[in-house]
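Notes follow the structure.
Labels below follow one simple rule: chain letters A, B, ... track the order of the sequence lines, proteins then strands, and each chain is numbered from 1. Only heavy atoms go into these numbers, but all of them, side chains included; no hydrogens, no water, no symmetry mates. All figures in this text were calculated on a predicted structure; none of them were measured in a lab.
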Amino acid sequence: MSTTDKTTPAAEPAEPAAAEPAERAAADDASEAAAGAQLSTAPAEDTAGPVGIGLLGWLRWFWRQLTSMRVALLLLFLLSLGAIPGSLVPQTHIDPLKVEQWKKTHEFWVPLAEKLQLFEVYGSVWFSAIYILLFVSLIGCIVPRTWQFVGQLTGRPPGAPKRLDRMPVHATWRTTATPEEVLAHARTLLGRRRFRTEAAAGGSSVAAEKGYLREAGNLVFHLALIAILVAFAWGKLYKYEGGKLVLRGKGFSNTLTQYDDFKPGSLFDADGLPPFSFTLDRFDASFEKTGPQRGTARTFKAYVTWSRGADGTPTKAEIEVNKPLEIDGSKVFLLGHGYAPVVSVTDPTGKVVFKDAVPMLPQDANLTSSGAIKVADGYANKDGVKEQLGFTALFVPTFAGEGSGTMFSQFPELANPRLALNAWHGSLGVDSGLPQNVYRLETSKMQQFKDDSGQPFKQRLALGEEMVLPGGAGTVKFEGIERWATFQISEQPGNGLALGGAVGAVVGLAGSLFIQRRRIWVRAVSGPDGVTVVEMAGLGRSESAKLPEELADLAATLNQQAPTAPDPEPEEAEESREGERG
Amino acid sequence: MTPLAVAANESLAEISNYLIYSSMAVYTLAFLAHIAEWVFGSRSKVGRTAAALTSTPAAAAPAVQVRGKGTATAVLDKPKVVSRGAAGGRHVPDGPGAAGGSEKGDLYGRIAVSLTVLGFLIEFAGVVARALSVERAPWGNMYEFSITFSTMAVGVYLALLALGKNVRWLGLVLVTTVLLDLGIATKWLYTDSDQLVPALDSYWLWIHVSTAIFCGATFYIGAAGTALYLFRDSYETKLAGGGKPGAFASSVLERLPAAATLDKFSYRINAAVFPLWTFTIIAGAIWAGDAWGRYWDWDPKEVWSFVTWVAYACYLHARATAGWKGRKAAYLALFAFACWIWNYYGVNILLNGKHSYGGV
Ligand code: HEM
């Protein structure tokens with residue numbers, strides 16, 4: 001910036017002509033600082049150490065640090081880094097089985113990972129600490145900023161700084177209009193453009209400001225973040241969520257005992273389960289039959305009949321993958337599907353002791369499925385001793401064909417189903433009180449049936465085939481095939497608030513980032529030769545290409561009412577003012 | 001589908017492939033034309049940056065003529081507006097662009113831009129043909145994401161050019177990455193056209209995935225600007241400190257816009273896209289709520305979208321905080337974009353979550 005400014009046409013009349021350059025520069029700086037004051041509510045950076053003595057000084061210092069932009073930045077950065085490990089290490093809440101597998105393959109890391117709560121990153125102490133600190137900081141930042149903003153709303157734009165040509169954008173011209181006319185026109189013009197205007201006390205300038213919505217948007221955005229967090233926490237505490245496998249033709253009613261697994265929020269009250277029930281009438285799945293994506297699922301559809309309470313009217317509905325059924329705030333989602341071979345078992349006397357559809361758990365995209373058949377009651381062996389039977393089962397809907405050896409399904413539909421069984425007898429261990437996985441056979445207290453050569457007895461059955469257990473222990477028949485679908489039933493309160501917060505965040509953000517807060521000043525004074533000199537300047541909150549354009553437009557409009565006066569003398573016209581180009 | 005329709009669709013898919021390959025050929029020509037632009041542009045070197053940085057401020061460029069001139073004519077000039085750079089910044093003029101003021105270079109540059117427009121039209125047609133062949137939004141697998149991604153990136157670049165923004169300096173970098181992206185897409189990610197798995201079959205696919213790809217493409221342009229800013233900034237710092245950058249650096253960097261301009265450019269791009277990225281994540285959450293019953297479950301894809309979002313928020317905060325402007329903020333912006341890219345390639349291919357529709 002040049003300090004030689006003899007050519008300033010609009011020297012402040014109030015300025016003493018004899019002032020020392022340094023003093024004047026200082027005064028200029030101060031008036032510039034005032035011009036930019038309160039243009040935002042961002043806290044000033046504070047790098048001073050704790051002041052005052054004792055605990056209070058330290059607390060105050062700590063609070064100031066916590067609510068400073070620098071620390072907010074640091075915490076935000078930590079939050080982004082802290083979220084990463086949860087995507088690299090399997091998480092218990094998503095897939096506990098995968099966590100078990102991971103632990104087996106990374107044994108060395110397990111103690112460390114457990115200490116760092118890496119399997120529950122998003123509920124871990126350290127992750128919570130980061131976001132709680134961040135939100136405390138946010139609240140500590142938002143509250144004073146809101147008050148400050150309210151103050152700004154009721155305040156007035158600050159008067160024109162002494163040197164308008166030191167502002168980021170600036171324009172000046174000489175006009176034939178009088179200063180009063182120029183300022184009156186300027187005020188109307190700025191008012192029409194929805195600037196808040198204020199005439200200076202001396203009457204030589206007009207100050208105007210616009211874009212308060214930027215600050216409002218910014219505050220709304222940060223408040224919306226708090227709303228989302230609250231909604232998230234509320235949802236976590238009061239939600240319920242459970243899974244249920246339903247066989248075709250069977251039903252489900254929404255009570256605690258019916259669930260296969262149930263994950264309530266810590267404050268959820270099980271009496272609060274809305275009473276409804278449904279039956280699965282039909283389940284359709286179709287798959288790509290040809291091409292490289294053969295076997296990829298194309299549609300899943302569950303046809304259900306549901307009713308409210310014990311005696312509500314039955315209503316038919318379809319549930320698809322992206323279209324849950326909503327009943328009284330609870331949603332029923334279709335999650336998965338599979339097959340359940342129907343198997344019957346007879347004892348040595350030929351009496352049927354078991355006949356049921358046994359769901360198998362899919363292992364791959366072609367629905368190669370595995371499971372366990374457990375005959376807990378009613379069976380006695382050849383000697384009349386009560387025993388339990390168990391079978392590990394592998395099911396394929398489309399078998400590759402005899403001789404191919406593998407028991408992997410070739411296609412997810414029932415083209416050539418096979419059921420392969422290994423047979424065990426003894427104690428299933430179901431009475432031990434420990435919860436058992438229905439798809440796995442606990443064989444520690446069982447013996448495997450052996451064939452004549454002493455090899456484990458196993459057989460692969462086609463539909464309708466029967467296998468005879470060694471030693472006349474009974475028979476097992478592959479009677480038919482049922483389908484099942486798994487549903488997730490859940491209710492999460494706070495979704496409305498979360499959505500509202502999300503909308504608020506986007507709208508607030510758009511306001512905060514797209515609206516410019518800016519100030520415009522217009523000064524008009526009579527020059528030494530009696531011709532009016534108009535000066536305009538603009539100051540924005542941050543980088544914007546629009547401000548120069550806006551000022552140019554305003555100047556051009558004002559110029560129509562305050563037309564440019566002819567240049568006084570040719571030499572003076574040549575000597576334009578110095579400035580820097582940026 | 002009737003066999004006839006299937007045949008029609010297969011031929012459409014084939015047409016789409018031809019179009020994509022053709023666009024690659026055209027982009028390659030655009031690439032060569034850009035190279036020619038840079039090469040011929042180097043002949044007319046202008047050391048404006050060094051001059052601006054070493055001269056005293058008082059002797060800076062002449063002030064803009066403010067007053068009107070013609071006294072005889074009735075129409076006087078409109079008042080002109082003088083802008084100053086931010087206080088404390090270097091006052092460096094923008095470089096002249098790749099052509100460097102050479103006419104021949106400029107001609108090649110224009111040819112390159114025209115070829116880019118042609119490549120864009122062909123690639124766009126390829127994406128549309130792909131969509132028609134599958135009768136759905138063309139965003140079902142990574143091959144389709146990739147071709148849409150580069151189409152959108154080029155589209156944004158051309159739109160900025162059409163709006164009269166000074167972005168031609170970006171041309172070479174952009175065309176190079178587009179070729180890279182298409183090369184990877186056709187060589188490694190190619191998946192035959194097909195229908196969608198049920199989980200993707202939702203109108204949210206149109207909303208969520210298109211905005212996600214658009215955000216990525218635009219963030220990419222911002223990131224390219226940021227990277228060039230870092231180079232140009234070192235160059236200016238070196239000059240200001242009296243250093244002498246190498247001949248290659250001077251030749252290339254001298255022609256780029258000033259560091260402050262590049263910085264501002266990337267900031268505006270990133271800031272403009274950030275609300276849309278926020279919306280994209282929210283749309284994804286709503287979709288997840290419909291599809292899986294939980295709108296946020298920290299699935300790897302969600303985690304990385306969140307990380308990307310927070311990193312960009314960090315960048316915007318950094319810009320608002322005194323000590324963090326400039327290079328530090330630029331590193332944050334690059335980190336944020338790296339997160340986006342990782343979310344795209346890394347998460348789809350290496351981590352499997354519910355979003356494992358990579359199709360590779
Ligand atoms: C929960 C985490 C937070 C997120 C995701 C976040 C995000 C953002 C974003 C994206 C902006 C950019 C808008 C703009 O440039 O105008 C912004 C601005 C701002 N944030 Fe935050 N913020 C968070 C926490 C905080 C905290 C804790 C503070 C206070 C210490 C804070 C203070 C500010 C201020 C003052 C601005 C305005 C800067 C300006 O006027 O340019 N934010 N925030």
ask   = Distance from A/Leu76 atom CG to B/Tyr315 atom OH, nearest 0.5 Å?
value = 15.0 Å
Spacing of OH belonging to A/Tyr122 relative to CG belonging to B/Asp297, to within rounding of 0.5 Å = 10.5 Å
task = Could you tell me which portion of B/Leu276 (side chain, backbone, both or neither) has an atom closer than 4.5 angstrom to a non-hydrogen atom of chain A?
result = neither
inquiry  = Please rank B/Gly289, B/Ala258, B/Ala311 by heavy-atom pairs under 4.5 Å with chain A and give me the top one.
reply    = B/Gly289
remark   = When the 4.5 angstrom heavy-atom criterion is applied to B/Ile281 and chain A, the contacting part is neither
task = Classify the ring geometry between A/Phe127 and B/Trp298 as parallel (under 30°), tilted (30 to 60°) or perpendicular (over 60°).
result = perpendicular
remark   = Under 4.5 Å to a heavy atom of chain A? For B/Trp204 that would be neither
Part of A/Ala537 within contact of chain B (heavy atom distance under 4.5 Å) = neither
remark   = When the 4.5 angstrom heavy-atom criterion is applied to B/Ala272 and chain A, the contacting part is both
ask   = Is it the side chain or the backbone of A/Gln488 that comes within 4.5 Å of chain B heavy atoms, both, or neither?
value = side chain
request  = Search all heavy atoms of B/His317 against all heavy atoms of A/Met69 and return the closest pair with its distance.
outcome  = O-CE, 4.1 Å
note = When the 4.5 angstrom heavy-atom criterion is applied to A/Glu241 and chain B, the contacting part is side chain
query = Is chain B contacted by the side chain of A/Leu513, its backbone, both, or neither, given a heavy-atom distance below 4.5 Å?
reply = side chain
remark   = Smallest heavy-atom separation, B/Val310 atom then A/Ser80 atom, equals CG1-CB, 3.7 Å
note = If one checks every heavy atom of A/Leu78 against chain B at 4.5 Å, the contacting part turns out to be neither
ask   = Looking at B/Ala271 and A/Phe514, what are the two nearest heavy atoms and their distance?
value = O-CE2, 4.2 Å
Pairwise side-chain contact, A/Phe232 with B/Tyr295, heavy-atom cut-off 4.5 Å (strictly under) = yes
query = Contact part of A/Phe221 toward chain B, heavy-atom cut-off under 4.5 Å: side chain, backbone, both or neither?
reply = side chain
query = What are the two closest non-hydrogen atoms of B/Pro275 and A/Leu509, and how far apart are they?
reply = CA-CD2, 3.8 Å
ask   = If you round to the nearest 0.5 Å, how far is CG of A/Leu73 from CZ of B/Arg319?
value = 13.0 Å
key: Test item: A/Leu81 and B/Phe335 side chains (from C-beta on) under 4.5 Å apart, heavy atoms   = yes
ask   = Pick from A/Leu335, A/Leu499, A/Asn495: which one has the most heavy-atom pairs with chain B under 4.5 Å?
value = A/Asn495
ask   = A/Leu79 and B/Val307: side chain to side chain contact (heavy atoms under 4.5 Å, CB included), yes or no, with the steps?
value = CA-CA 8 Å; A/Leu79 186 70; B/Val307 172; over 6 Å; no
ask   = If we only count heavy atoms from C-beta on, is the A/Val121 to B/Val303 side-chain gap below 4.5 Å?
value = no
request  = Please look at A/Phe333 and chain B and tell me whether the side chain, the backbone, both or neither of the residue comes under 4.5 angstrom of a heavy atom of that chain.
outcome  = side chain
